[in-house]
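As the structure is a prediction and not an experimental result, all values here were calculated from the model. We use all heavy atoms of the structure for the numbers below, so side chains are in, but hydrogens, waters and symmetry mates are not. A, B, ... follow the sequence lines: proteins, then strands. Residue 1 opens every chain.
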Number of protein chains: 2
Amino acid sequence: MHSSPRTDVVPAATPAASLVFTTVLSHGPLTRIEIGRRTALSPAAVTKAVRPLMAAGYLVEGVDEEARASLGRPANPVRVDGGRALFIGVKVTGDEIIAVLTDLCCRIRVARHVQLTARDPGAVLASIGALVQELLTEAEGFGVQVSGLGLAVSGDVDRVAGVVRYSPFLDWRDVPLAELAGTVTGLPVTVDNDVRALTVAEQWFGAGAGVSDFALVTVGAGIGCGLVVHGRVVSGAHGVAGEIGHLSIDPLGPLCHCGNTGCVEAIAGDAAIIRRVREVTGLPVTDSARALELAHQGDPGAREVYARAGEAIGRAIGAVVNVLGPERVIISGEGLAAYDLFAEHIRVAFTASAFGTAAQCDVMTRPLPFEEWARGAAATAIQSFIGIDT
Amino acid sequence: MHSSPRTDVVPAATPAASLVFTTVLSHGPLTRIEIGRRTALSPAAVTKAVRPLMAAGYLVEGVDEEARASLGRPANPVRVDGGRALFIGVKVTGDEIIAVLTDLCCRIRVARHVQLTARDPGAVLASIGALVQELLTEAEGFGVQVSGLGLAVSGDVDRVAGVVRYSPFLDWRDVPLAELAGTVTGLPVTVDNDVRALTVAEQWFGAGAGVSDFALVTVGAGIGCGLVVHGRVVSGAHGVAGEIGHLSIDPLGPLCHCGNTGCVEAIAGDAAIIRRVREVTGLPVTDSARALELAHQGDPGAREVYARAGEAIGRAIGAVVNVLGPERVIISGEGLAAYDLFAEHIRVAFTASAFGTAAQCDVMTRPLPFEEWARGAAATAIQSFIGIDT
DNA sequence: TTCTTTCATTGACAGCGGAAAAGAACCCCC
DNA sequence: GGGGGTTCTTTTCCGCTGTCAATGAAAGAA
């Protein structure tokens, strides 16, 4: 059973409607007055923007019965009806594809993943197609159609063009992924860089909601960073931004695959940690779990490795904070499993390297379930659905 | 003779008018069609925006007689009449005040500077007042009134509030400079951080015109950086941004006054270079000119100091480029006098540290006359005059 | 019951910007 | 030298958006 390409009703026709919708989407149930306050729109404009959105079923009158505090006519909060539309988000890594089915509020309904055997665009596309088909079938159970597909790929991705310019892990160059996936799945497709996609999810549905300047640092196989400046995700003039994994922290540090020395990733990336733990302990450590275990068991050598990794991450965050002065830094990623091991070192290194009032920046952590990357992809699809291009 | 505070006609009432005006201001004479193309406005809208601006004398029909190339009705380019309004820009350093009188196109008409004997707000304000008065007298000769005063101060400055939160060089805290200077001079006052002010000038009237993402690196006593992202100057959530002088490049590097080690400024700042040249050569070098002279004479030790400084700057630029992926980096500052000594090292270090396509970033230099900082202040005053707050 | 308070909506209205067509100013060419 | 072609500019009309001010609605308080 194939779903054919169709154009759903775009909820937000006017700028005001778009603004209202995204505000409600990010900040839970809100009264119309409150929406007006936050968007700097008049109450009348809010009413007029809300009506068609409610008529189309995207917004519903809230059931927020409790907060009955003061005098006057009771407020009638409005919220997004998550069940009104579904989206599929797919994260493509070098050896796995993770897909989630989310609702309009980007809550995950179903998650799936499959191993990837080949990395050429054809094979990957086939896997994506199969996985999406599965989720489309699942979606039928909800009685709502799927309104968009988001794909997250690491590397240099041109979201507007829908093209993967260059992905080192997949060894792709100039693959028109959006178009290809569109013909395979029959869905409107949005393609974006994985870190940026995750940043979008955080900006709209996470710890970045309502914050106009923040950084999202991902710790794992690589060390990445998504940036939001002036309320917008930074893409970089050449498609690359937030590459803190290749900030060179120490001229005498280990050689990085990028050719430089002392890169953060060459100190704090998964592979670097594993290799270094092996060197230090002399044990045949081959995966993060084992390295982590050793450190948790108290092996001083392993602990030292994590300490140095924490220091490197802390200094990288310091660099970002010195350059951009964000309001908040969110640390996330699979590497967070080792957070207890390097938290203090991150903090110390960050505090030492942050200059002046920039150090007031709020540094926090967020757990990152493995489907979260795919959820980020879904968030980009939701953006496109609402009519936000960048 | 005191000029009393007055509200001049704000040229740009509507967003479209503001857009048109700033476009013409930055990009010389433009035909209406071209303005429409650049602003994504319809020709009709351009005409309607231009008319009142011409009526008020801010725009004039260009005299661009030559470029008569093709068929059809000849184009009638429009440009800003610089002589329509004057502005004063003042840069306050620890020991000097530089002031310029500029026209609406931010061309310098008169420049003055005085030494500063005391740094307390009262004394500085008196000097500013005297200098502004001088320039106001000069301005009478042009037959146009001065429409705004811009003040540039290093440190943490809250432009919107007009308050200098903290300036280390002046040892000021929470000085409401805009208000104070307003009462002294009777002019509308804009206060901003010096690097940001310079960045504004570059964005509107310099190498940043038309570039939505760029960085301006200033090399001199300190190493600073102004950033423009998404077409807007970055201020940082806590008033601090672009602090690349305190990126730590080398854990084993020299101690910096900020308490950290291996800061760019501790390697490539004027004071650091002078001290290091003295150490290396054993000569009693006390100023930049002498250090520069030694290096230019071929002293290997001194040359090595500049080489290391260049490397530090190049790596700092690499960090900025990796984090933000700007389209262009403009290197400027008094330290550019030594550019021949470290240009190659900057280039090499930058190329090595920039990751992926970010390295495509266009790195260029711009001379920085001593009045340029004050011109930046004038540019902020022009912004305020037009009705742009941030 | 009536008043007060707060939230929400309505209808009139101003104004911005767009589409399309007309006007204007040149060159070219027959 | 008068069309014809081309390009820039303006005009006219019109839709649409968001504001203003007044009205309506839903409570608790007096």
Inset, instruction - Measure the distance from CG on Leu30(A) to C1' on dA8(C) and round it to the nearest whole Å. - result: 15 Å
Inset, instruction - Take atom CG of Asn76(B) and atom C1' of dA25(C), then tell me their distance rounded to the nearest Å. - result: 10 Å
Inset, instruction - Give the minimum heavy-atom separation between Asp103(A) and Phe87(A), together with the two atoms involved. - result: O-CD1, 4.0 Å
Inset, instruction - Apply salt bridge (charged side-chain N to carboxylate O under 4.0 Å, His left out) to Arg328(A) and list each qualifying residue two or more places apart in sequence or on a separate chain. - result: Asp362(A)
Inset, instruction - Would you kindly give the CZ-to-C1' distance between Arg32(A) and dG24(D), to the nearest whole Å? - result: 14 Å
Protein-nucleotides 13-17 of chain C N/O pairs under 3.5 Å:
unit_1  : atom_1 : unit_2   : atom_2 : d
dG17(C) : OP1    : Ala16(B) : N      : 3.4
dG17(C) : N7     : Lys48(B) : NZ     : 3.3

Legend entry - Integer-rounded Å distance: dG18(D) P and Ile35(A) CD1: 14 Å
Legend entry - More than 12 heavy atoms from other groups under 6.0 Å of CD on Glu179(B): no
Inset, instruction - Starting at atom CD of Glu61(A), determine the distance to atom P of dC7(C), rounded to an integer number of angstrom. - result: 15 Å
Legend entry - Taking every non-hydrogen atom, the tightest pair across Asn76(B) and Glu61(B): OD1-CG, 3.1 Å
Legend entry - Sub-4.5 Å side-chain heavy-atom contact between His230(B) and Val234(A): yes
Inset, instruction - For residues Val200(A) and Arg196(A), determine if any side-chain heavy atom of one lies less than 4.5 Å from a side-chain heavy atom of the other. - result: no
Inset, instruction - From the options Thr185(B), Leu151(B), Thr102(B), Leu101(B), select the one residue that forms a side chain to side chain contact (heavy atoms under 4.5 Å, CB included) with Ile88(B). - result: Leu101(B)
Legend entry - Check: Arg232(B) and Arg232(A) side chains under 4.5 Å, non-hydrogen atoms: no
Legend entry - Candidates dA8(C), dT9(D), dT10(C) - which lies nearest the side chain of Ala44(A): dT10(C)
Legend entry - Nucleotide of dA25(C), dT9(C), dC7(C) approaching Ile33(A) most closely (side-chain heavy atoms): dC7(C)
Under-3.5 Å N/O pairs linking protein and nucleotides 1-5 of chain C:
unit_1 : atom_1 : unit_2   : atom_2 : d
dT5(C) : O2     : Gly72(A) : N      : 3.4

